[in-house]
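This structure is a prediction, so every number in the text was calculated from the model and none was measured. Throughout, a chain's letter reflects where its sequence line sits, starting with A, and its residues are numbered from 1.
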Amino acid sequence: MKLVIRFVYFALFFNSYLMTENLVIVESPAKAKTIEKFLGKDFKVVSSFGHIRDLTKNKLGIEVEKGFKPVYEVPSDKQKVVSELRKLAADSKTVWIASDEDREGEAIAWHLVTVLGLDPSTTLRIVFHEITKDAITNAINHPRAINMDLVNAQQARRVLDRLVGFEISPVLWKKVQPSLSAGRVQSVAVRLLVDREREIIGFTPESSFRVNGLFKGINNKSEEVILKAECARKFIKEADATKFLTTCSESEFSIGNISVKPGTRSPAPPFTTSTLQQEAYRKLGFSVAQTMSVAQKLYEAGRITYMRTDSTNLSSLALNTAKEVIMADYGTEYSRTRQFKTHSKGAQEAHEAIRPTFFDKKTITGNNNEKKLYELIWKRAIASQMAEAITEKTTITIEMNPSCENFTASGEVIRFDGFLRVYSESTDAEGGEDEKPILPSVAKGMPLSAETITALQRFTTPPPRYTEASLVKKLEELGIGRPSTYAPIISTIQARGYVAREERPGEKRSLIILTLAKGKITRSEKSEITGKEKSKLFPKDIGMIVNDFLIKNFPDILDYNFTAGVEKQFDEIAGGELEWSKMISVFYSPFHKSIDEALSKKERMTGSRELGTDPATGLPVFVKMSKYGPVVQLGEASPGNKPRFANLRRDQLLETITLSEALVLFSLPRSLGMLEGSELVVGTGKFGPYVRYDGKFYSLKRGVDDPYTITAERAAGLIAEKQESEKKKVIADFGEIQVLNGRYGPYITMDKNNFRIPKEIEPNKLTKEECLAIIEKGGTKKKSTKTVKKK
DNA sequence: CAGTGAGCGAGCTTCCGCTTGACTT
């Protein structure tokens, strides 16, 4: 008896010792760390690292016949987290699930309850939108149950995406090429790029003449004033522009109307994921992926709030601290507290806007990119809480007599800088916006003389190609994709080869300038570069072929409004007005029929096109998509006759290449003549264009050399350069050990293993013994992990 | 390191959204 009591005692003691009072599960480990501080010692806060369960990895994972029943599994990389969570949950009195308050968060909560075997009646679901003590204690005081309608909306989303992706992709493997993919989001992203490219292809520039004048006069303070002004009228024909300049030469000018209009400019809202990606691209030149990885670092270091958000909302704590910082640093008149409405399509607003955790930290420690991005976030968030700028726009009309045309000069003065003192948003417009000048003081009727008047030819430009960032912006406008997926979408469509980030050097174009000075009109020309592109997304042939195939066979899914339409239905499911499997079933029957129809069609999509006949051989010339990419083909394939093939260049498209451009492609490999007894041959191989000389290959410089036009002289130069750097490559040679110059600086190599040389050591003074010492030190770490190339 | 391009067939590929590490040259 005594023993039993003792045992119970012990068990109770032991139990209470091990048992955690409260276990809170959130999605992100950084968030868990922060929250634990707010909640105190009775709460243990852990993270699920996002979703813990998904549809089966390699199979459809949907039992279509059984009402689209999802087949879930815990992915291999999540099994460890799940087993740990299971243990912790079993040892806790109360489990609180604090995943985000949106569709995905609710589903995560439900999967946790199911997978961890929690009791739904005692498990508490809580949510908060901002990580502040108030928000969290408030959440703890208002727990609720899991909202199954919201979960079902997520299941519908998940199942729809899986059906679309896993039923269409295999059709592409059969009808276009293996390993391709299609999806609700990626296929529309590619479509945006292809549609834009076709607009550009079909664009014909039109030119017109814009007339600008430089006028001088004396104002009533006896000061000489200079005004730059533009004529409102544009002239299509050169003759008309000349005629107008003649009129100008015979006219008198004077100041007409002067209008002064006050205006204001307001700051942009604080960053969301999408706007952060856009501004980091425009102001810092970061790629979308780079922005996210730097932001992740800042988040983990506790510098900024969560970086995957679609909300422009700031917590009241943030509003207050921003206000304090602004008042202290800039003065009361610079402060204006605002809350911005989020109006992006499909926003779920589970988090705050992206902002500094502590507004009083203007700069931080960290690497350069972290500092730059942090400062950008700080400025944007602070500016959003600052006063509007007050401006004054002045427009001065210059009248012409006897002609009834006139010129206008416009200028802007900032009367109060407000938020502009800290930050102003950039635009996607190219060439930059011209600063509006401050206009001199003049009075109506004041006579002016025209110093020079020029008519400059200008061409209209096609719509711009997308950058990574402007594509994200467009996707967000269409409500396609989520903050967590913008960066992955961009990399997927590139990984599939549908699009590529490329440059174009542009072409010269000449412009006519007509100048009127001292009563004489002169005509001259200047050249401008047109079509120059830097780091733009270009659709590639395979992207265009897949796009056309998808539009033909699945027009509904490729519609820009498809996502918006299904989102509306997901909302109805979330509101309990629509049963999720019913929605999927209505979608699926016509969809699956179109899959079968697409499969039953015989033809394959190759993008083939006949360009004409080669005048030299009389053979037909085709272009098409081959197994290894776009090619031009000379002659038909027939038994015993293998046609000639040549790859298209990176900047050519199956759709637009001409016969003469195609014929040039057959000119490789070509001989550049002899150099010291050996032949110089230019060709393109596996690794791009090269010169072959004396049995060795020398790569041409990308973006500098062109294999079709390179001269023997330049080729010889390349060879000499390479031989020179080969010589420099070896700093010291001790037989089995060598000190070499590599891409990342000098290093030591032995047995195909490379070793870093410590900074304080001068590589050219190393002895064999010192090298061995360095190898000894670093050698135990790892063997070379050079992977064997798969053939 | 320095082209392939046909056709057959086995076995593989593929979606979108939540999350962070491993990997390093």
- Message: Does A:Ala182 reach a base, just sugar-phosphate, or nothing at all? Heavy atoms under 4.0 Å.
- Response: sugar-phosphate

- Task: Measure from CZ on A:Phe687 to P on B:dT4 and round the result to the nearest Å.
- Result: 14 Å

- Query: Distance under 6.0 Å and angle within 45° of the ring axis: does A:Arg157 meet both against A:Trp580?
  - Reply: no

- So what does A:Val185 touch, heavy atoms closer than 4.0 Å: a base, only the sugar-phosphate, or nothing? sugar-phosphate

- Side-chain atoms of A:Tyr690 come closest, of B:dA2, B:dT20, B:dA6, to B:dA2

- Note on the structure: Ranking B:dG17, B:dG3, B:dT20 by distance to the side chain of A:Arg184, first place goes to B:dG17

- For the residue pair A:Val113 and A:Ile146, establish whether any side-chain heavy-atom pair is separated by less than 4.5 Å. yes

- Task: Examine the base of B:dA2 for any acceptor or donor lying under 3.5 Å from a partner atom in the side chain of A:Thr684, and report the outcome as yes or no.
- Result: no

- Task: Please confirm whether any donor atom in the side chain of A:Asn647 sits under 3.5 Å from an acceptor in the base of B:dG3, or the reverse.
- Result: no

- Query: On a whole-Å scale, what distance lies between the C1' atoms belonging to B:dA6 and B:dA2?
  - Reply: 24 Å

- Item | Upstream residue (5' side of DNA chain B) when A:Pro170 and A:His51 are each assigned their closest nucleotide | A:Pro170

- Task: Would you kindly check whether a donor in the side chain of A:Arg308 faces an acceptor in the base of B:dC18, or vice versa, at under 3.5 angstrom?
- Result: no

- Does the aromatic ring of A:Trp173 sit over the six-membered base ring of B:dT13, closer than 5.5 Å centre to centre and tilted less than 30°? yes

- Message: Between the base of B:dC15 and the side chain of A:Arg158, is there a donor and acceptor pair under 3.5 angstrom?
- Response: yes

- Message: Would A:Phe697 count as stacking on B:dC1 if stacking means ring centres less than 5.5 angstrom apart and planes tilted under 30 degrees?
- Response: no

- Task: State whether A:Lys59 and A:Glu73 are salt-bridged, where the test is any N-O pair (Lys NZ or Arg NE/NH1/NH2 against Asp/Glu carboxylate O) under 4.0 Å.
- Result: no

- Query: Does a salt bridge link A:Glu721 with A:Lys701, judged by any charged N lying under 4.0 Å from a carboxylate O?
  - Reply: yes

- Using a 4.0 Å heavy-atom cut-off across all strands, classify A:Tyr486 as base, sugar-phosphate, or nothing. nothing

- Query: Roughly how far apart, to the nearest Å, are B:dT13 and B:dG9 at atom C1'?
  - Reply: 16 Å

- B:dG17 base to A:Ser484 side chain: any donor-acceptor pair below 3.5 Å? no

- Quick note, A:Thr485 side chain, CB onward, closest among B:dG17, B:dG21, B:dC15 is B:dG17

- Task: Please say whether the positively charged group of A:Arg184, taken as NZ for Lys or CZ for Arg, lies over the ring of A:Phe562, i.e. under 6.0 angstrom from the six-membered ring centre and within 45 degrees of the axis.
- Result: no

- Query: Between B:dC16, B:dT19, B:dC15, which nucleotide gets closest to the side-chain atoms of A:Arg496?
  - Reply: B:dC15

- Message: Side chain of A:Ser181, heavy atoms from C-beta onward: which of B:dT14, B:dG17, B:dG5 has the nearest atom to it?
- Response: B:dT14

- Separation of the P atoms in B:dG7 and B:dG3, to the nearest angstrom: 24 Å

Short N/O separations, protein against nucleotides 9-11 of chain B, under 3.5 angstrom:
none

